[in-house]
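In listed order, ligands and their atoms are each counted from 1.
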Amino acid sequence: MINRVVLSGWHKWLSLFVGIQLLIWVGTGIYFNQMDAQAASGNMYRKTVSHRGNTPTSDFMPLEKLALNEPVVSAALIWVSGTPLYLVKTENPLHNYSAQQHTLFHAVSGLPWYIQPDDVQRIAQRSYTGPGQASEAVLTLPPFDFDGRQENLLWKVSFDDEVHTDVYLHAETGAVIAHSNDDSRLKHLMLTLHFMDYANTGGFNHALIVIFAIATLTLAGSGVLLAYRRNPNRAVRRKRETDVRVIHTGGCETLSLPANQPLLFALTQAGLSVSTECGGGGTCGQCVVQTDNTVAVSDVDRYHLTEDELQQGKRLSCQHVSSEFTSVTLK
Ligand code: FES
């Protein structure tokens, strides 16, 4: 059986952990409710551009003539800044954000084709309508602030506008993957907090959420257990009264107190004051009364009182119901 003080301590720490996350949910929930979805998309200065060129398809080399070393999973014709290319995949991952293996061939010459930083910067510039100047294109490793799941190497071109736009492009094809700016980065931060996704998995099916769910269940369970164990005589629920002789600073009297109520509360209801800081929670050790030493010692008594005090008959009045006492002296 877990000691009540230990259980109470665990309950408090779990409350803190769960409470902080609940506050975060409230805060991020309000943000999601109020946010400007268009601004938060990061696409404030984004436009779609066609890369299609004029080369007639009759000039294209047949796919079968390409010098391929590995079995092809799929092949497609794409255009990059007016240049026709065969995009050949030797594997086909489930998601676009998973690591990809592409090979590009010029569709007319059939020679391998590699994108150049200047091409990347030009494509980024064409996809951008804002007032900023473009930086040089830089190859960038994951993780990225617009999508934690993205596993591919991407080009990044930054613009010095008021929202600090970054344009991310595919490392091989130069396709624009995303525009990101201060608003979309704030949204990404809020998503991270909301889904507790501090490892950037891009979702909510991760270990911390599972731990949080277990902590919440444990918090609820420990709360029920603490409430149940608050009354040591909990098996008896009938309402009846018991006579207790009470000696206090004002004299001595015999009171009829609710038999199954903790003595602390029964005395308080009868108008007598007993010192307490925790309100009967069993954690402050303030509600000591002197008994005739016939009251059984509880775990919580033992935690707060010395062996001498217990032997003298001192007990915590919040830990015993009135029916356990025949006579009590208040401090
Ligand atoms: S009231 Fe705090 S321990 Fe009894």
Side-chain angles (χ1 to χ4, degrees), residues 1-23 215-331:
M1 178 86 61
I2 306 172
N3 181 296
R4 183 174 164 181
V5 176
V6 174
L7 187 64
S8 190
W10 273 100
H11 188 72
K12 279 181 193 161
W13 285 111
L14 285 171
S15 307
L16 184 68
F17 175 51
V18 172
I20 287 173
Q21 185 56 36
L22 286 177
L23 282 177
T216 307
L217 277 176
T218 310
L219 176 67
S222 59
V224 170
L225 196 55
L226 279 169
Y228 178 70
R229 289 171 66 181
R230 188 181 180 99
N231 182 353
N233 202 17
R234 53 194 169 268
V236 182
R237 292 291 174 207
R238 285 170 302 163
K239 273 206 158 196
R240 58 190 173 88
E241 298 203 322
T242 188
D243 287 343
V244 181
R245 187 163 168 269
V246 183
I247 302 160
H248 52 83
T249 49
C252 172
E253 57 187 312
T254 299
L255 299 173
S256 280
L257 302 175
N260 298 318
Q261 191 173 35
L263 183 69
L264 170 72
F265 302 135
L267 290 173
T268 307
Q269 273 180 13
L272 293 170
S273 150
V274 181
S275 173
T276 173
E277 277 178 16
C278 69
T283 55
C284 70
Q286 297 283 311
C287 59
V288 181
V289 293
Q290 177 67 50
T291 72
D292 55 9
N293 213 358
T294 56
V295 179
V297 177
S298 74
D299 286 348
V300 185
D301 288 326
R302 212 177 285 289
Y303 182 81
H304 288 291
L305 300 171
T306 65
E307 201 51 46
D308 276 355
E309 288 173 322
L310 293 171
Q311 283 188 1
Q312 287 162 20
K314 291 198 166 44
R315 300 288 185 271
L316 296 175
S317 60
C318 69
Q319 296 301 307
H320 302 273
V321 293
S322 305
S323 62
E324 294 179 67
F325 300 86
T326 52
S327 170
V328 68
T329 304
L330 307 187
K331 280 200 285 186

**Message:** I'd like to check which ligand 1 atoms, numbered from 1 as shown, lie under 4.0 Å from a non-hydrogen atom of Gly282.
**Reply:** 3 (S)
**Asked** Within Cys284, is some N, O or S atom less than 2.8 Å away from atom 4 (Fe) of ligand 1?
**Response** no
**Request:** Tell me whether Cys318 has at least one N, O or S atom under 2.8 Å from atom 4 (Fe) of ligand 1.
**Result:** yes
**Whether His304 side chain and Gly282 backbone form a donor-acceptor pair below 3.5 Å** = yes
**Message:** Name the residue from Arg315, Lys314, Glu309 that meets the side-chain hydrogen bond (donor to acceptor under 3.5 Å, both in side chains) definition with Gln290.
**Reply:** Lys314
**Asked** Among all protein non-hydrogen atoms, which one is nearest to atom 1 (S) of ligand 1, and what is the separation to 0.1 Å?
**Response** Thr276 OG1, 3.1 Å
**Prompt:** How about Leu310 and Glu307: do any of their side-chain heavy atoms sit closer than 4.5 Å?
**Reply:** yes
**Asked** Given side chains that start at C-beta, do those of Leu330 and Val289 come closer than 4.5 Å, heavy atoms only?
**Response** yes
**Message:** Check contact between Gly281 and ligand 1, using heavy atoms of the residue and a distance below 4.0 angstrom.
**Reply:** no
**Asked** For residues Glu253 and His248, is any side-chain donor paired with an opposing acceptor at under 3.5 Å?
**Response** yes
**Request:** Considering the heavy atoms of Gly280, write down every atom of ligand 1 situated less than 4.0 Å from one of them.
**Result:** 1 (S)
**Prompt:** Within less than 2.8 Å of atom 2 (Fe) of ligand 1, any N, O or S from Cys287?
**Reply:** no
**Message:** Taking 4.0 angstrom as the limit and counting only heavy atoms of Gly285, give me the atoms of ligand 1 inside it, by number and element.
**Reply:** 2 (Fe), 3 (S)
**Request:** Side-chain contact test, heavy atoms from C-beta onward, threshold under 4.5 Å: evaluate it for Thr326 versus Arg245 and give yes or no.
**Result:** no
**Message:** Only heavy atoms of Cys278, strictly under 4.0 Å: list the atoms of ligand 1 that pass.
**Reply:** 1 (S), 2 (Fe), 3 (S)
**Asked** With distance as the sole criterion, is a donor-acceptor pair present between the side chains of Thr294 and Asp292 under 3.5 Å?
**Response** yes
